[in-house]
Amino acid sequence: MENRFRARFCVLILLACSIYSGFTLVGAQNRRPKNVQVAVRTKWSGTPLLLEAGELLSKESKNLFWEFIDDWLLHVAKTDGDSHSAKDCVKKILKHGRFLLSEPLAPLFEYSLSLRSASPRLVLYRQLAEESLSSFPLPDDSYSNNERGLDANETADIKKFDPLLVGVNPKSPGGKCCWVDTGVALFFDVADLLLWLQRPNELSGDASQQPETYDFDHIHFDSNIMSPVAILYGALGTDCFRGFHVTLTQAAKEGKVNYVVRPVLPSGCEAEVGLCGAVGARDSLNLGGYGVELALKNMEYKAMDDSAIKKGVTLEDPRTEDLNQEVRGFIFSKILERKPDLTSEIMAFRDYLLSSTISDTLDVWELKDLGHQTAQRIVQASDPLQSMQEINQNFPSVVSSLSRMKLNDSIKDEIIANQKMIPPGKSLMALNGALINIEDIDLYLLIDLVHQELSLADQFSKLKIPHSTVRKVLLTVTPPELNMFRVDFRSAHVHYLNNLEEDAMYRRWRNNINEILVPVFPGQPHYIRKNLYHAVYVLDPATVCGLQSIDIITSFYENTFPMRFGVILYSAEFIKKIEMSGGELHSSALEHDSEIENDKSSLIIQLFIYIKENHGPQTAFQFLSNVNRLRTESAESTDEAVEMHHIEGAFVETELSKAKSSPQEILLKLKKEQTFKEMSQESSLSVFKLGVGTLQCCLLMNGLVFDSSEEALINAMSDELPRIQEQVYYGHINSRTDVLDKFLSENGISRYNPQILADGKVKQRFVSLASSILGGDSVLNEINYLHSPETVDDVKAVTHLLAVDVTSKKGIKLLREGIHYLIGGTKGARVGVLFSASQIADLPSLLLTRTFEITAASYSHKKKVLDFLDQLCSFYEHKYILRSTTAAESNQEFVDKVYELAEANELFSKPYKSSLPEASDLKLRERLNKVSQFLYRQLGIPSGVNAIITNGRVTPLGASVFLSDDLHLLESIEFKHRIKHIVEIIEEVNWQDVDPDMLTSKYISDVIMFVSSSMATRDRSTESARFEILNAEYSAVVVNNENSSIHIDAVVDPLSPPGQKLSSLLRVLAKYAHPSMRIVLNPLSSLGDLPLKNYYRYVVPTMDDFSSTDYTVNGPKAFFANMPLSKTLTMNLDVPEPWLVEPVIAIHDLDNIFLENLGDARTLQAVFELEALVLTGHCAEKDHGPPRGLQLILGTENTPHLVDTIVMANLGYWQMKVHPGVWHLQLAPGRSSELYFFRDGVDDGSQEKSLSKRIAVNDLRGNVVHLEVVKKGKEHEKLLISSDVDNQSKDKRGHSSWNSKIFEWASSFIGGRDHSKKSDDWLTVPRNRYKYEPRRRDQDKKIDVQVKGKTMVNP
């Protein structure tokens, strides 16, 4: 029966073909469907795939790069006898790369290689190679930048045409394919290099002449970072590379050089590298990872260019059509197999069907359930992802068949039910729980994110963590970064000027806290008799900044501004002495009274306290105002410092009408009065303990730290207003609540340290400690940790590793603070010490490190072990650091002191007596050198830098003092934000593959440290969504893979532009990452028009891009088969955001493609070129708005100005065009560089200030650079106004401030005083115009997913 049906069916087909061919064969041949092909290529020439593979492996591990080189040199011959095509060579390269990788990472390595994502890194190396050659020009100038044998003039023309293209491949210098750059010479022969290595005088040359190394450089793991740098430029596969590599590797092992490789294949050396080594270098580089759209153009009322098509360019593509694709129910490949003799008739019939299926309109009743019908077609397909891609990327061709599908009510009902919890048509995607911005996602970013997750899973599995726990850890989403820390300044040292709740001047105001929810006029604050805003200034009263802050306070106070003002006074000189003494808080204050007699700041504080105690706070503040007035009246410039006669004059003036005795006599007595001196010192000590003294002048708005300017005060109030409104709205604050106590109790910190409390502008640096310990022999395995008393056997969630320079005072100070931190008591943290030396360590320094090792290993459980170490460090600091004792007998003195202190603290001295006298000087130095190498290579900490590594967070210490309180702060912040949720997971692990004897508290603490440090390196969103509340029984694509470490959650509208792109991306992930997926389809339920009127292709690379017949690499292309002839199409490219592309080959108008005009050609081809990448960023000025108009220039070291831009007022945005390379971003000469510096680091007094920043562009994702600038002491000058105009405006203003006028006007009818109305200016304070409705937390995110009583977005 079945055979009979098939026979009849074939007869029917043949009959249809015969009838059709008899009438329309000639016309069909003229109207055969046409194809469209699109490619995007780079401006730079191709790069060798072999070198790209090395770069990809180095991203996984720095050591893998060197292992790959050694493996290739050992096993691969240059003859390439078994490789007859580009595809064979790629398979060989992949084989050697896969051998070095774990199984989950190997497929992604293969795909990344076909994606050519490492090519920009090699272009960057080309730039550095050219600069190396240009530094030592050869006599015949034969190294000119030229890969096609151009002469110098032609090369200059290329650079003139595109000066940004710095990565042009250098020509082989003098026929040589490799060279070594030492900074003082170039070596093109191994013999010359060997002569140089044998001359110690030349090796120990001037360090400033050594070539600069970068973070992305490949530094050999045996290299000594203190040795001279030798950079090898060359390509793996050449004979010269092999010779240089063997020589330099041996020299690195002997400690002679710091060996660096920069892979470059100069032009003309392709034959030297072998056939496989040159694959990819000879061809233009076609890119993937972008989308192409052919939109059906609405030609109503549209004019079209009817000019003739350009002639002279033939771009016909021999690519065959895919006959396996279903056309109106027919699969023509099967029909052709059965009836090959009727090929022309069958193909004519296929062409007719294709040309008759295009539709861009449907009747209303056909559109009704089109979205639901599409979802049904997808979920019922054998390959749902492929079905979704075929439907939404060829929608005009399949819409007719979709509209006639019978709909299953279960699918429709589930979609409608889900759309009660998520808006119809909304698309979301999450990778391991973290949301991905669908609008910005591209293939390169997605591959990086997946690679990141797979690498973490691989690391955790090597730590013997069960797979179920690994998945649970990876699915956790880190809470948003905390950026709101309040300094708990509550103490007796705060001097308040006013009290809104008690002072009589505010008696007429309402005291109902709910008034803050009532709208007010623009610029008018809420006048409520409640201390809602506590503006406490921390200042030195003898500085210009401090006295100007006093004027701000008095101006706001006199105009009855609804804010409580106060000050904390300190002496900068006194704090400086504390810091110089190493932060000895208790003794230094009283030991040097004679030295602070002439300290003007201390004197002002003493007089201020006296006046406040005798005449009240208003008079005391008036005294400070008088000091500033006398200073400005007598000074030629407003920036001149306070003199002693200003202070004395102000005091006499303030006391004259109030004191019973002579003010001069009172002044003389106060200068000798010890009580007020002690109070002044205690006030300065309190500021030092708070840590805000390094900020010079600052404002604490309810504990939040701001700049001390008027603008910052208003901005601080504006920022605090919605927080208070929200608390009032929900009833958390009422009329009886002490707002300051509530805020500081919830989020208060006892000490402010800008190095720890990064404000978001300075990106914190994290390193993975797991990757370093898994890489082989690591110093982390040799650390013995110190603990607080009686907590040795407890699991420690937080691990502080102290990187200590044992030869520096700051290093020993950090070591002692770490010991004090443990003595003070901490149950959740431990401390390990990594000793290094920035200079040649003497024997006592070496003995100190050895003593620490013995003590931590043998006596960490003893009660007095910390006291012993503290006393030993104190002795070492005073005897050997401060006094620089060099006598030989001092070594024995140190050893004797160790014995003495050990006995005094109840420690057995026998281990010390057996180890210290026999300690090998050489071995101890090797140990210090090994630690230095580890700190530099694995953690990025240069020699001589003291730092703290807290579960992977690296905090280098600057010039400011670092106290044990800072370690407590670091522990608290890191535990709450990054470690707590990991500890909860690790504590529940059932360790099956671990020896029970190994399951100690140290082992668990190590695992927590490794896991939390690795998780901190993840660069991904902190937003998440609750996909689990959506039903996924009928309308979802679910792929279960319990063995996968990747889980994809998605909500997709298949008939939407995001759905077109996501369908291709999800297919790539399914093929190479094998994730578990849960894709809920969310089409629009009611359509008024076709949702898609275009064809779409997302270009992804495949192995077919590599030729199987020769050594060419074709690269990926977008191919549209059988496009409609009668429709006008418009081509658009959907490229990653940083790409700037332009068409370079297009013989047709790409906005009006009419394929009937192609004539005999079957394929329209268009080639685009990546013109440049967009370097974007934001620029900010601390505590001010963006510096709009700031001019930036970008160039190379030799040509600083190639492109320029200015900073916009909107978020300080700026952008520039770049190519891969190393660039220098600078402030433009002129007013920008005269007024501003770039600021690096944080406000700890040690930040570097420069006019230039170095930026490396080494991928196709572009860079987003965050800049912060500070003024060079010209805070009052404006960037866009000349200094002459600025000075005139200051003179017109006089001493009045812009805000005082509006406050006088407002207080004339609101406050308790009468003031004249004399201002036309308005103070703009952001506020809500209508009744306050607090913003939900999920509204701050990009996703507005709601449900009755619940929301998908996690709070």
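When a residue number appears, it is its place in the shown sequence, counting from 1. As the structure is a prediction and not an experimental result, all values here were calculated from the model.
Looking at every heavy atom in both residues, Leu690 comes nearest to Ser750 through CD2-O, 3.6 Å. Between Ile550 and Phe621, the shortest heavy-atom distance links the atoms CG2-O, 4.2 Å. The two atoms that bring Tyr537 and Ser708 nearest to each other are CE2-O, 3.6 Å, heavy atoms only. Minimum heavy-atom separation, Ser601 to Pro541: O-CG, 4.0 Å. Considering all non-hydrogen atoms of both residues, Ala535 and Met563 come closest at CB-SD, 3.4 Å. Summarising the geometry of Ala572 relative to Asp540, their closest heavy-atom pair is N-OD2, 3.0 Å, with the distance given to 0.1 Å.
The salt bridge (Lys or Arg N to Asp or Glu O under 4.0 Å) pairs that include a residue from residues 511-539 are Glu501-Lys530, Arg510-Glu515, where partners are two or more places apart or lie in different chains.
For the pair Asp503 (side chain) and Met505 (backbone), a donor-acceptor distance under 3.5 Å is absent. One N or O on the side chain of Asp738 and one on the backbone of Leu740 form a donor-acceptor pair closer than 3.5 Å. Formation of a donor-acceptor pair under 3.5 Å by the Ser549 side chain with backbone atoms of Cys545 is found in this model. Between the side chain of His526 and the main chain of Val518, a donor-acceptor pair closer than 3.5 Å is present. Not a single donor-acceptor pair under 3.5 Å links the side chain of Ser683 to the backbone N or O of Ser680. Although no hydrogens or angles enter the test, the distance criterion places a donor-acceptor pair under 3.5 Å between the side chain of Ser718 and the main chain of Ile714.
You'll find the side chain of Leu1235 stays beyond 4.5 Å of the side chain of Val1269, heavy atoms only. Between Ile604 and Phe651 there is no side-chain heavy-atom pair separated by less than 4.5 Å. The closest side-chain heavy-atom distance from Leu500 to Ile528 is not below 4.5 Å. At a threshold of 4.5 Å between non-hydrogen side-chain atoms, the residues Thr632 and Asn628 count as touching. Side-chain atoms of Glu653 and Arg629, non-hydrogen and from C-beta on, do get closer than 4.5 Å to each other. Asn498 has its side chain out of reach of Phe556: every pair of non-hydrogen atoms, C-beta onward, lies at least 4.5 Å apart. Considering only heavy atoms from C-beta on, Leu957 stays 4.5 Å or farther from Lys810 through its side chain. Side-chain atoms of Ile553 and Leu497, non-hydrogen and from C-beta on, do get closer than 4.5 Å to each other.
For the 3.5 Å distance criterion, the side chains of Ser602 and Asp599 qualify, holding a donor opposite an acceptor. No hydrogens or angles considered: a donor-acceptor pair under 3.5 Å links the side chains of Thr737 and Asn734. Between the side chains of Thr826 and Glu971, at least one donor N or O sits under 3.5 Å from an acceptor N or O.
For the pair Glu746 and Lys742, the salt-bridge criterion is met [side-chain N within less than 4.0 Å of a carboxylate O].
Other residues, nucleotides and ligands contribute at most 12 non-hydrogen atoms within 6.0 Å of the CD atom of Gln696.
Taking the side chain to side chain contact (heavy atoms under 4.5 Å, CB included) definition, one finds that Asn614 meets it with Tyr610, sequence neighbours left out. Looking at residues two or more places apart in sequence or on another chain, you find a side chain to side chain contact (heavy atoms under 4.5 Å, CB included) between Glu720 and Arg486, Tyr533, Asn702, Leu704, Arg723, Ile724, Phe743.
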Intermediate values then yes/no, side-chain contact (heavy atoms from CB on, under 4.5 Å), Val642 and Leu630:
CA-CA 9 Å; Val642 176; Leu630 293 177; over 6 Å; no
Report task. Apply the test salt bridge (charged side-chain N to carboxylate O under 4.0 Å, His left out) to residues Glu817 and Lys813: give CA-CA distance (whole Å), side-chain angles for both, the deciding distance (0.1 Å), then the verdict. Result -> CA-CA 6 Å; Glu817 290 299 331; Lys813 173 61 182 172; 2.4 Å; yes
- Message: Does His968 form a side-chain contact (heavy atoms from CB on, under 4.5 Å) with Arg751? I'd like the steps, not just the answer.
- Response: CA-CA 9 Å; His968 283 289; Arg751 177 171 167 81; over 6 Å; no
